[in-house]
A.B. asks: 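Shown below is the structure under consideration.
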Amino acid sequence: MRNNGWTEEAWRLAIVLLGGALFGALIGHLAATTLVLLGLYSVGHLYDFKRFISWMDDPVSREMPIRNGVWGDVYARVSRLLNSQAQRERRLQILLDQFQSAAEALPDAVVALGPSDEIRWVNQAAQDVLGLRAPGDYGRPLANLFRAPAFQQFLSARDFRKPLELPAPGRDGQRLSVRAVCSGQDQLLIIVQDVTERYRVEQIRRDFVANVSHELRTPLTVISGFVENMHADGELCPVPWRKPLALISEQTARMQQIVEDLLLLARLEGGGSSLRQEAVDVAAMLEMLAVEARLLASEDIDISVDIASGWHLEAEPGLLRSAISNLVVNAVHHTPPGGEIVLHWVDEPHASCIVVEDTGEGIAPEHIPRLSERFYRVDTGRSRERGGTGLGLAIVKHVLQVHEGGLEIMSTPGEGSQFICRFPARLRAEPRGTLGTGAGGRR
Ligand code: ADP
């Protein structure tokens, strides 16, 4: 079947050549007759080729001019190709329609971006939440229309692991959460969710905890003051009361610590806008913390400092110190005699890290993801016994967050733990006295 056209064409050519040869032989001009016939044969094909080209201008609505021979074959194959392409396009269109109606039904705003972050498509929610127009804004860069510096930075940094939460530009009180997903080559899907309600509930919870803590502060100070006085005054305090008073004093101190920690957490959750940052000499800070830890720890624990970075760090000194001190005190509490604690200050290609490493009891893997939750303890009884509030690591995490850093915990039960506080390289500061010389800069 497939060679029909070609066989027919071969026969046609053979007949033309044979007929021509016979005729040429009869009239005595064999070569000239053959040449003329071949010429006519080529002109015929040229004419068919021209018809084919003009048919290709609109193959769908025009009739095929030739249905047999080699050209019939060509027309049939091209038609088949065009038909299957049209079918594929129809299927794609159906899929596209289904995707678009699903995306239209989403309550979240969806914006599809092209290679230069220009808008290709938006759903209805994107028009409502972001005020984009379809198709009026198609082709325009999204960053020009969604004008928030945090969003522009998010888009250009190309780090989409975490969603970005920000106040909606131009809409008071509204809060948005933006996620970005790479969808195919050079295509980005921006998904924006209105999180105003969730944020408001979180804000209420934060305010509630902060207010309760604040209200408890004064009564606790009064109670603790009186208890201290009664306990301290040997004559005023009858013997049977001494033990209970000592207990009350201890527990009041614990409550005061919890209240202070909760207030600090509330302040940290409020964001880092009020941070008073300065270049902190991390090496000197770690040396000081090591000295304090040696006073706290048993003599058998070896506590040392390893400084491999020459940078200072832009941070709020008080917060940074209290976070790292939390980690060091934890390391002391969880490292038995004979163990070792090392405080490192090291550089990575894009970050600088303070690492508190111990050879203590370690932590089982199932606890690690939850350690920085408020009041989460591996062993609640033991933590309470030594006055732990269960808020230490939550504070550390928040202190790092307001410095745009992060906490990583690595631990092996029975071998020890590493608490890695990672700060972005942009917080590195030249040590005083070396400004402009580049000294100490392990970049
Ligand atoms: P706590 O007040 O109980 O110390 P934290 O938030 O500081 O609260 O720590 C949470 C829990 O993490 C602790 O109860 C302890 O079980 C575990 N932990 C913290 N640091 C270490 C460490 N260096 N080694 C082993 N376990 C640790």
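Each residue takes its place number in the sequence, starting with 1. We count ligands from 1, going down the list as the structure has it; atoms in each ligand are counted the same way.
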A.B. asks: Check step by step if side-chain hydrogen bond (donor to acceptor under 3.5 Å, both in side chains) holds for H344 and E357.
C.D. replies: CA-CA 8 Å; H344 305 267; E357 183 178 16; 2.7 Å; yes
A.B. asks: What pairs of residues pass the salt bridge (charged side-chain N to carboxylate O under 4.0 Å, His left out) test when at least one of them lies in residues 317-334, not counting sequence neighbours?
C.D. replies: E292-R321
A.B. asks: Between ligand 1 and the protein, which N/O pairs are shorter than 3.5 Å?
C.D. replies:
{"from": "ligand 1", "atom 1": "2 (O)", "to": "T389", "atom 2": "N", "distance (Å)": "3.1"}
{"from": "ligand 1", "atom 1": "2 (O)", "to": "G390", "atom 2": "N", "distance (Å)": "2.9"}
{"from": "ligand 1", "atom 1": "3 (O)", "to": "S383", "atom 2": "OG", "distance (Å)": "2.6"}
{"from": "ligand 1", "atom 1": "4 (O)", "to": "N330", "atom 2": "OD1", "distance (Å)": "3.1"}
{"from": "ligand 1", "atom 1": "4 (O)", "to": "R386", "atom 2": "NH2", "distance (Å)": "3.3"}
{"from": "ligand 1", "atom 1": "6 (O)", "to": "G392", "atom 2": "N", "distance (Å)": "3.3"}
{"from": "ligand 1", "atom 1": "6 (O)", "to": "L393", "atom 2": "N", "distance (Å)": "2.8"}
{"from": "ligand 1", "atom 1": "7 (O)", "to": "N330", "atom 2": "ND2", "distance (Å)": "2.8"}
{"from": "ligand 1", "atom 1": "16 (O)", "to": "V378", "atom 2": "N", "distance (Å)": "3.4"}
{"from": "ligand 1", "atom 1": "23 (N)", "to": "D358", "atom 2": "OD2", "distance (Å)": "2.9"}

A.B. asks: Is the closest side-chain heavy-atom distance between V78 and L82 below 4.5 Å?
C.D. replies: yes
A.B. asks: For D379, enumerate each residue passing the side chain to side chain donor-acceptor pair (under 3.5 Å) test, keeping only those at least two apart in sequence or located in another chain.
C.D. replies: none
A.B. asks: With a 4.0 Å cut-off on N to O distance, would you call E299 and R294 a salt bridge?
C.D. replies: no
A.B. asks: Can you pull the salt bridge (charged side-chain N to carboxylate O under 4.0 Å, His left out) pairs that have at least one residue in residues 143-161, sequence neighbours excluded?
C.D. replies: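 Counting only pairs at least two positions apart or across chains, the salt bridge (charged side-chain N to carboxylate O under 4.0 Å, His left out) contacts touching residues 143-161 are D117-R158, D159-R161.
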